[in-house]
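Read the structure below first, then the notes.
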Number of protein chains: 2
Amino acid sequence: MNNEKWLLGIDIGGTSVKLAFVTEAGDILHKWEIPTNTENQGKTIISDIGAAVSEKLTELNETKEKLKAAGVGAPGPVNTEEGLLFEAVNLGWQGTIHLRDLVQEQVGVPVAIENDANVAALGEMWKGAGLGAKDLICITLGTGVGGGVIVNGDIVHGAKGAAGEIGHITSVPNGGYQCNCGKTGCLETLASATGIVRTAKDKLEGSAVDSTLRQYLQNNDLTAKAIFDAAKAGDQLALETVDSLADHLGLAIANIGSLFNPERVVIGGGVSKAGNILLEKIEEYFVKYTFKPVAQSTKLVFAQLGNDAGIVGAAWLAANKN
Amino acid sequence: MNNEKWLLGIDIGGTSVKLAFVTEAGDILHKWEIPTNTENQGKTIISDIGAAVSEKLTELNETKEKLKAAGVGAPGPVNTEEGLLFEAVNLGWQGTIHLRDLVQEQVGVPVAIENDANVAALGEMWKGAGLGAKDLICITLGTGVGGGVIVNGDIVHGAKGAAGEIGHITSVPNGGYQCNCGKTGCLETLASATGIVRTAKDKLEGSAVDSTLRQYLQNNDLTAKAIFDAAKAGDQLALETVDSLADHLGLAIANIGSLFNPERVVIGGGVSKAGNILLEKIEEYFVKYTFKPVAQSTKLVFAQLGNDAGIVGAAWLAANKN
């Protein structure tokens, strides 16, 4: 009989809650997910988590005694010290919720909470592309652009928890696209999946140049993936779109580099699936725009854990923040 | 007889070495300076420091027994853990020097070393404009533009000690001025004293507009101070120069804010003497370019310690890093 206790990692998203039992060394033993029930203002989400954990333990012939601690990633700003989640509109939750204590009641072990982008960054630090690094930046290129800043092995939160808002770096000072945050010219308006599509759309509408992307636009199904595929096939307009994206990302990462000189910048999220065609271009602009000692010591890498980054980072929280 | 021991703060500059005996609470008891003898590759600088400390103790009827520890700020990249200074061309020193151990031999107490811009930032955090803040960024606008990044009460060094290189943030991605670092468009090329003069000069040479600054240019004594004075007196070209400077600084600080959300951004150095005409403009652009929660929680302030920041920060090192 193995006496080693398990860490419980919980990653709450708008569609599903991902859960995992993880060893103290960070290895996933069992992982599963349950749907996020956002009905009735998400009232049952936390009790659903409690029930799911109990059931899974029973299924594995274990009890809550087997658990050491739990960590939770949540989609909204948090106060980690007080265990508060301020807003999580995606979950139907309104106002401030004492997430830490509510989860603790359900799982019966100490709980630590953190914002989901930060949890993903911690996961990559612990077992992914950031392995062994104590200073790293994670950038997630998805529907939006998120980030996590890790200095000396821990997340930087800042004065009001607004550190790591990489998506809201101003990349176009004047005349940029409107961002949901109220500003214009945010990196997110250019480097998110929707931003890339918008860039290509503007290029298509602004010229009569021949491009395989024009058909997608007419069919109303132009996607970031279609743009990267076209770029790989040599489509000039698609290549220009990728070049523009890489220019903005390379500049942002260069300036992040001059501030932190992190060991690694980890790039993840759906857009990063574009692969080397994207990474090589970003690196080119990064080297152009950054201070030479930074270019020589800060490495750009892709995230490695995919959807598991959240549960692994949550387990790290469980191990280190309780 | 007071039994409290003293901290020794040493700030080595290219012209003078500033020294101080400081209480453990950070109050300066005695401060003085000696010239930096850069002759013979700066060979006597460290023994000069040793002699100056001994003499001053004797003058005050004290001995080395009175000292608890020492901190040193030095003008070059350092490895704080090993106590190494890599390059200090301003001092005449060539190659890597084991600064910590060499000073320790002279003063007979434990020594910690740090880069001078970082030491100034620590000084402002301890007893100046950063008082009470644990997350702050210091920007020094002088002949160049330097910086220090403090997270959770301590300096961020980064992978190769190149964190905090705020002067080398790329502010003009294409077509910017050449920087000494090898890149173009660095913030330093625009926001340093020389950068401001260059901007005004370009404006004067690019137009025939009437300006009180034209006379300075003809006399070859156009300075940052003259530009700020003219701006205060309402000179249009000078106002445009200050506006351009504030635009670049406001953008850089906004993007720093979106990454760190520091409690305070402390602006120091000779250029900051321009006062509110500069700060108000920087704030205007900062608010324009930054994420709203950051604009609401990150404060912009001027440095308070002036030339004492280095010795106070060095004393902080003495107290906290030995």
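Proteins come first, then strands; the chains are lettered A, B, ... in the order of their sequence lines, and each starts at number 1.
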Quick one: closest heavy-atom pair of [X] and [Y], and the distance?
X: Y289(B); Y: T170(A); value: O-OG1, 2.6 Å
X: K183(A); Y: F291(B); value: CE-N, 3.8 Å
X: G161(A); Y: N261(B); value: N-OD1, 3.5 Å
X: S297(B); Y: K160(A); value: CB-CG, 3.0 Å
X: G158(B); Y: D135(A); value: CA-OD2, 3.8 Å
X: V156(A); Y: V151(B); value: CG2-CG1, 3.8 Å

Taking side chain as everything from C-beta outward and backbone as N, CA, C, O, which of these in [X] sits under 4.5 Å from a heavy atom of chain B? Side chain, backbone, both or neither.
X: P262(A); answer: backbone
X: K288(A); answer: both
X: L251(A); answer: side chain
X: I256(A); answer: both
X: S171(A); answer: neither

(message) More than 12 heavy atoms of other residues, nucleotides or ligands under 6.0 Å from CG of D202(B): yes or no?
(response)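 Yes, because the 6.0 Å sphere around CG of D202(B) holds more than 12 heavy atoms from other groups.
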(request) Take atom CG of N180(A) as the centre, draw a 6.0 Å sphere, and report whether it contains more than 12 heavy atoms from other residues, nucleotides or ligands. (result)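 Not buried by this count: 12 neighbours or fewer within 6.0 Å.
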(message) Between T290(B) and chain A, with a heavy-atom cut-off of 4.5 Å, which part of the residue counts as in contact: side chain, backbone, both or neither?
(response) backbone
(message) I need the N152(B) CG to N152(A) CG distance, nearest 0.5 Å.
(response) 8.5 Å
(message) What's the separation between atom CG in N174(A) and atom CG in D247(B), rounded to the nearest 0.5 Å?
(response) 6.5 Å
(request) Check I166(B), L187(B), N255(B), I169(B) against N255(A) for a side chain to side chain contact (heavy atoms under 4.5 Å, CB included) and give me the one that passes. (result) I169(B)
(message) Between C179(B), G257(B), P173(B), P293(B), who has the most heavy-atom pairs with chain A when the cutoff is under 4.5 Å?
(response) P173(B)
